[in-house]
Amino acid sequence: MSENPETVQDVKILLVDDEVNITKSLRRLLMQVEDYEILIGHSGAEGLEQIREQGEVGVIISDQRMPQMTGVEFLGEARKLAPDAVRILLTGYADIDASIAAINQGAVYRYLTKPWQDDELLTTVAEAAAHYRLISENKRLNALVAKQNAELQDWNNRLKQRVLDQTSQIRAKSDTLAEMNQQLRTSFGETIEALAGLIEMRDRRVPGHSRNVAELVEAMARRLDLSAEEIRNYRSAALLHDIGKIGMVDELLRKHLTEMNDVELIEYQRHVVRGQAAIDPVLELRELGLLIRHHHENYDGSGFPDGLAKDEIPLGSRLIAVADCFERKLHQFAEEDALKEALAEMKLEWGERLDPELEKVFSAAAEEIFSQLEILAEVIERKVAPKELEVGMQLRHDLYSGTGVLLLKKGTIFDEAAIDAIKRCFMIDPFEREISVLIEKNQA
Ligand SMILES: [Fe+2]
Ligand SMILES: [Fe+2]
């Protein structure tokens, strides 16, 4: 152990001996070499008293032979009060065995024999003081590290809490944004549905056409495992596919394709380009414009306006073409046989007008949508006023407002929202007829 004068100066040294001369000469000796702070006790009890009063004692030197309390007993007690103090026993030759035992028990750091050699004593005390300083410094550093660790931990916890707080703020904001986005999307969808209603009012020969086509397109798109966004876009394009007909003259609208002359046919064909141009200024709809433009292209390339064929035609347009073709056929036949006849006629279209790869998804989707009316097998028909509508009733025929806007398609099963919408519309645009509904027999 090396001696470092800088570290021993402020160490307190306690000298305990019943002989006053001994403590005096020890004090003198120590003061010659270092500016130690010296405490004196003339018995074990006085020594303990000094420790209690003076606090931090670095080195204790005690005589072994004292009345009442031996040096070893005293140092054992002192250890309890000042565990870090370095304890040295002064002992005669006769007591060496007892001193060695005390060292082995850990009560004493070192012993010196009486009479002592000055040099040896000074060196031992200096080493003891340095040893004590090391222990204290080590303790101080440990305490400092523990304090800094605690601060670091505290800082870490606060940082973690801040990150958590900010994360939850960000999450709340993103939830709000998502909600606003959803509201926007909903009102966007509702606007497109309203537009579809306008388009249908223009061409009354095929009531519910836009919405029927949209429903079928959506059902087919779902079966093709397309993304939610693609499905939404295809449905919107289907709802608006005939928007170009809004500008068409009534006479032309009333005619079937086979009855049109060349000039009329060209004018009719323009509705796809007009449709695209009509929605082009709306940035969100621009993408749909292309699907609208090509909904009358034929799979074999014989359609209009650009004569595209096969995969050149966007998938959305090919889906609309299938649904559009089928929906028109449905209107050509009497209600009872319409589905069967229309399905049979569709068989002639695949490969020429329509993409044959879509036949499978079309059949499945058509079955899903048009078999709805058969879900309630045991039903009776009843006519009710809007205020008599109940949840679970099924609409027998397409329902129009007083001025001819399609409100609900036949087959719709009423829920609370549909009933509310019908009641509201009845007040704005009342329809005279009562509503035909189907009710399960056991509920009638
Ligand atoms: Fe069309
Ligand atoms: Fe159409």
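Atoms within a ligand are numbered from 1 in the order they appear, just like the ligands themselves. In this text, all values refer to a predicted model and were calculated from it rather than measured experimentally.
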Q. Only one of H209, H296, H271, H294 clears ring-ring contact (aromatic ring centres under 6.0 Å, His included) with H241; which?
A.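 Only one of H209, H296, H271, H294 forms a ring-ring contact (aromatic ring centres under 6.0 Å, His included) with H241, namely H209.
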
Q. Can a donor-acceptor pair be found between the side chains of N149 and Q153 at a distance below 3.5 Å?
A.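 Side-chain D/A pair, N149 to Q153: absent.
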
Q) Regarding E56 and Y132, is there a side-chain donor-to-acceptor distance under 3.5 Å anywhere? A)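 Yes, because at least one side-chain N or O of E56 sits under 3.5 Å from a partner of the opposite role on Y132.
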
Q: Round to 10° and report the angle made at the Fe ion (ligand 2) by OD1 of D324 and NE2 of H209.
A: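 Here the angle at the metal atom is close to 70°, to 10°.
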
Q. What angle sits at the Fe ion (ligand 1) between NE2 of H296 and NE2 of H271, to 10°?
A.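 Reported to 10°, the angle equals 90°.
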
Q) Got a sec: is D242 within less than 2.8 Å of the Fe ion (ligand 1) via an N/O/S atom? A)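 Of the N, O and S atoms in D242, at least one lies under 2.8 Å from the Fe ion (ligand 1), which means yes.
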
Q. Do any N/O/S atoms of H295 come under 2.8 Å of the Fe ion (ligand 1)?
A.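 Given the 2.8 Å cut-off, H295 counts as a ligand of the Fe ion (ligand 1).
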
Q | Pairing of R286 and D280 as salt bridge, 4.0 angstrom limit | A |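 Yes, this pair counts.
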
